[in-house]
Amino acid sequence: MPKLSDCLSDSKRTVITETFIRPGSVFKIMDTETKPPKIKYHVIIGVNDTEVLVGTARINSKINPNIYRDIESKSRCMSLRSRKYGYLDHDSTIDCNHLITHKKSDVLKHLNRNSGSLLGDLDFEDLNEVKLRMIEAPTISEEDKERFGIVCQN
């Protein structure tokens, strides 16, 4: 039996995929920023439609003690349980110290070419917790925090 995506035209597939480019969506992608480059899970933190950009955070297996030596940086990493998120193979950590910017068109292209890359969603409470941790991150510019909606809501 064919997959639904195989029965749809390219334009219909793009429309369906674009609906998943929203805060909280989790996908896997070849991450060229890691050494060595490898497939990593990312969660979408925010979408800037004006600049056609997507901001993501990397999901890691654990906190890397060679990178995060101080308690403040470690405290900005958030644990995720695999029993809560079935798409995780094991308990993992979201790195809330960094925001990675992607062109929205590149993410769309990747998801359309790799239908199994879209994994699921982070729930609302966990996404908000990620944003709260990012607000205090000195490694994320104020401009990027504003651009992707990582701001304190009063």
Side-chain angles (χ1 to χ4, degrees), residues 14-114 116-154:
T14 300
V15 169
I16 289 172
T17 304
E18 191 161 1
T19 64
F20 292 102
I21 297 183
R22 63 179 186 266
S25 291
V26 177
F27 63 97
K28 60 183 173 181
I29 192 167
M30 177 57 76
D31 193 328
T32 57
E33 300 294 314
T34 61
K35 291 183 179 36
K38 58 187 157 227
I39 300 289
K40 296 293 281 186
Y41 290 11
H42 285 245
V43 60
I44 297 175
I45 304 304
V47 178
N48 184 304
D49 288 320
T50 306
E51 297 179 53
V52 200
L53 297 172
V54 176
T56 69
R58 192 176 284 121
I59 299 175
N60 295 311
S61 302
K62 59 186 177 191
I63 297 172
N64 185 335
N66 297 318
I67 296 175
Y68 299 121
R69 297 170 195 232
D70 63 283
I71 193 73
E72 291 85 14
S73 296
K74 288 178 184 175
S75 70
R76 278 190 292 276
C77 294
M78 184 178 139
S79 296
L80 293 180
R81 301 285 175 230
S82 58
R83 67 177 174 268
K84 181 175 182 180
Y85 295 108
Y87 51 80
L88 295 174
D89 295 330
H90 46 74
D91 291 348
S92 300
T93 303
I94 298 179
D95 181 356
C96 303
N97 290 287
H98 294 95
L99 185 70
I100 303 152
T101 303
H102 308 266
K103 291 181 187 173
K104 188 175 180 182
S105 60
D106 290 346
V107 175
L108 264 173
K109 203 178 300 178
H110 172 75
L111 292 175
N112 278 312
R113 289 184 179 156
N114 304 282
S117 291
L118 192 61
L119 303 172
D121 291 288
L122 211 59
D123 71 25
F124 181 77
E125 292 80 18
D126 285 345
L127 179 61
N128 280 339
E129 179 64 28
V130 169
K131 288 182 178 185
L132 283 171
R133 292 176 190 224
M134 288 181 147
I135 286 172
E136 298 300 321
T139 49
I140 302 174
S141 72
E142 293 303 317
E143 180 184 29
D144 277 348
K145 290 175 187 175
E146 180 94 15
R147 179 183 285 151
F148 295 108
I150 305 167
V151 292
C152 198
Q153 304 288 327
N154 293 330

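Both backbone and side-chain heavy atoms feed into the values below; hydrogens, waters and symmetry mates do not.
Smallest separation of non-hydrogen atoms from Ser141 and Asp144: OG-N, 3.0 Å. In this structure, Ile44 and Leu127 approach most closely via the heavy-atom pair O-CD1, 3.9 Å. Closest approach of Val54 and Phe148 over heavy atoms only: C-CE2, 3.6 Å. Smallest separation of non-hydrogen atoms from Val47 and Pro23: CG2-CD, 4.3 Å. Ala137 and Lys145 make their closest contact through O-NZ, 3.0 Å (heavy atoms, listed as atom of the first residue, atom of the second, distance). Closest of all the heavy-atom pairs between Asp123 and Asp126 is OD1-N, 2.8 Å.
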Could you walk me through whether Asp49 and Lys104 pass the side-chain contact (heavy atoms from CB on, under 4.5 Å) check?
CA-CA 8 Å; Asp49 288 320; Lys104 188 175 180 182; 3.0 Å; yes
Under the side-chain contact (heavy atoms from CB on, under 4.5 Å) rule, what do Leu111 and Ile21 come out as? Steps first, then yes or no, please.
CA-CA 9 Å; Leu111 292 175; Ile21 297 183; 4.1 Å; yes
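Distance OG/Ser92 to CZ/Arg81: 10.0 Å, rounded to 0.5 Å. From Ser75, atom OG reaches atom CD1 of Ile63 across 9.0 Å, with rounding to the nearest 0.5 Å. Going from atom CG of Leu53 over to atom CG of Asn48 covers 5.5 Å, rounded to the nearest 0.5 Å. To the nearest 0.5 Å, atoms NZ (Lys40) and OG (Ser61) are separated by 5.5 Å. To the nearest 0.5 Å, atom CG of residue Leu118 and atom CG of residue Asn112 are 10.5 Å apart. Interatomic distance, OG of Ser82 versus NE2 of His90, reported as 8.5 Å (0.5 Å rounding).
With a 6.0 Å radius and a threshold of 12 heavy atoms from other residues, nucleotides or ligands, Glu51 has its CD atom above the threshold. Counting heavy atoms of neighbouring residues, nucleotides and ligands inside a 6.0 Å radius, atom CD1 of Ile71 does not exceed 12 of them. Heavy atoms from other residues, nucleotides or ligands lying under 6.0 Å from NZ of Lys103 number 12 at most.
Looking at Ile94, Asp95, Thr34, Leu80 one by one, the single match for side-chain contact (heavy atoms from CB on, under 4.5 Å) with Asn60 turns out to be Asp95.
Pairs engaging residues 127-139 under the salt bridge (Lys or Arg N to Asp or Glu O under 4.0 Å) rule: Glu129-Arg133 [sequence neighbours left out].
Side-chain atoms of Arg76 and Asn97 form a donor-acceptor pair, as typed in the model, at a separation below 3.5 Å.
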Please set out all donor-acceptor pairs under 3.5 angstrom arising from side-chain atoms of residues 25-32, sequence neighbours excluded.
unit_1 : atom_1 : unit_2 : atom_2 : d
Ser25  : OG     : Phe20  : O      : 2.5
Ser25  : OG     : Arg22  : O      : 3.4
Ser25  : OG     : Asp121 : OD1    : 3.4
Asp31  : OD1    : Glu33  : N      : 2.9
Asp31  : OD1    : Arg58  : NH2    : 3.3
Asp31  : OD2    : His42  : NE2    : 2.9
Asp31  : OD2    : Arg58  : NE     : 2.6
Asp31  : OD2    : Arg58  : NH2    : 3.0

